[in-house]
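Down below is the structure, laid out as structure tokens.
Since the model is a prediction, treat every value here as computed from it, not as a measurement.
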Amino acid sequence: MLKINSTAYDSLRHHGEQTYPHECCGVLLGRFEEDGSRTVARALACGNMRADSPHNRYSIDPKDLIRIQREGRERGEEIVGFYHSHPDHPAQWSATDLAEAHWIGCSYVITSVEKGKAATTNSFELTGTDEADKRFANEEITVS
């Protein structure tokens, strides 16, 4: 389960609207709970580094990722997930999303942005033990 406050939830959805018709992307900082869920404290927007096809692919700058991870540690937070948008496509993961997901145990949140407006937001936990058997599992989002 992914627990996210309304400010972070609204922020990631708004980010998708701002970058439409291109994909947005960002990092979710928070904590891993003892029950296996993840609690999001902040959603941090990143720039989409994909110049070849930003309308249907995204890439987070590794420098941003390192900076965000460092800032999170200073606040007692960890990277618990990532988010991106699917402009005019469903909020479901694609084969490319799975191939490019590497943080097992983290949440991957996808918002469909239809004609510039955030529509459905879904989350998927990346499960497995390594790259060979990783897979996405649907997960519930609780907004508080």
V113 to S85 - nearest heavy-atom pair and separation: CG2-CB, 3.9 Å
side-chain contact (heavy atoms from CB on, under 4.5 Å) involving R135 - partner list, sequence neighbours excluded: T127
A41 to N5 - nearest heavy-atom pair and separation: O-ND2, 3.1 Å
Partner set under salt bridge (charged side-chain N to carboxylate O under 4.0 Å, His left out) for D133, not counting sequence neighbours: none
Nearest non-hydrogen partners of A8 and V40, listed with the distance: CB-CG1, 4.1 Å
Residue pairs involving residues 96-123 (criterion ring-ring contact (aromatic ring centres under 6.0 Å, His included); sequence neighbours excluded): F82-W103, F82-Y108, Y108-F136
Any V80 side-chain heavy atom under 4.5 Å of L29 side chain: no
ILVMFWY network linking L44 to M49, side-chain heavy atoms under 4.5 angstrom: no
Nearest heavy atoms of P87 and E23, plus distance in Å: CD-CG, 3.5 Å
Atom pair NE2/CD1 of H86 and I110 - distance to nearest 0.5 Å: 4.5 Å
Gap between atom OG1 of T19 and atom NE2 of H84 - 0.5 Å precision: 11.0 Å
Side chains of residues 114-122: which donor-acceptor pairs under 3.5 Å do they make with residues two or more places apart or in other chains?
{"from": "T121", "atom 1": "OG1", "to": "R13", "atom 2": "NH1", "distance (Å)": "2.7"}
{"from": "T121", "atom 1": "OG1", "to": "T111", "atom 2": "OG1", "distance (Å)": "2.9"}
{"from": "N122", "atom 1": "ND2", "to": "A91", "atom 2": "O", "distance (Å)": "2.8"}

Please table the atom pairs, donor to acceptor, closer than 3.5 Å between any side-chain atom in residues 137-144 and protein atoms at least two apart or in another chain.
{"from": "E139", "atom 1": "OE1", "to": "R38", "atom 2": "NH2", "distance (Å)": "2.3"}
{"from": "E139", "atom 1": "OE2", "to": "S107", "atom 2": "OG", "distance (Å)": "2.4"}
{"from": "E139", "atom 1": "OE2", "to": "S123", "atom 2": "OG", "distance (Å)": "2.7"}

Any side-chain heavy-atom pair of V109 and L2 under 4.5 Å: yes
Selection residues 24-34 - residue pairs positive for salt bridge (Lys or Arg N to Asp or Glu O under 4.0 Å), sequence neighbours left out: R31-E33
From CA spacing to verdict: side chain to side chain contact (heavy atoms under 4.5 Å, CB included), Y58, E100: CA-CA 10 Å; Y58 76 95; E100 295 182 357; 5.6 Å; no
Residues in salt bridge (charged side-chain N to carboxylate O under 4.0 Å, His left out) contact with R42, at least two apart in sequence or another chain: E77
C24 and N48, any side-chain heavy atoms less than 4.5 Å apart: no
L12 vs L28 side-chain heavy atoms within contact, under 4.5 Å: yes
Salt bridge (charged side-chain N to carboxylate O under 4.0 Å, His left out) against E71, all qualifying residues, sequence neighbours excluded: R67
Set of side-chain contact (heavy atoms from CB on, under 4.5 Å) partners for S53, sequence neighbours left out: R50, H55, N56, R57
Contact list for residues 26-53, test ring-ring contact (aromatic ring centres under 6.0 Å, His included), sequence neighbours left out: none
Distance (rounded to the nearest 0.5 Å) between I4 CD1 and T39 OG1: 10.0 Å
Closest contact, heavy atoms only, G26 versus I60: O-CD1, 3.9 Å
Where at least one partner belongs to residues 1-31, residue pairs that pass ring-ring contact (aromatic ring centres under 6.0 Å, His included), sequence neighbours excluded: H15-Y83
Listed partners of E131 passing salt bridge (charged side-chain N to carboxylate O under 4.0 Å, His left out), at least two apart: K134
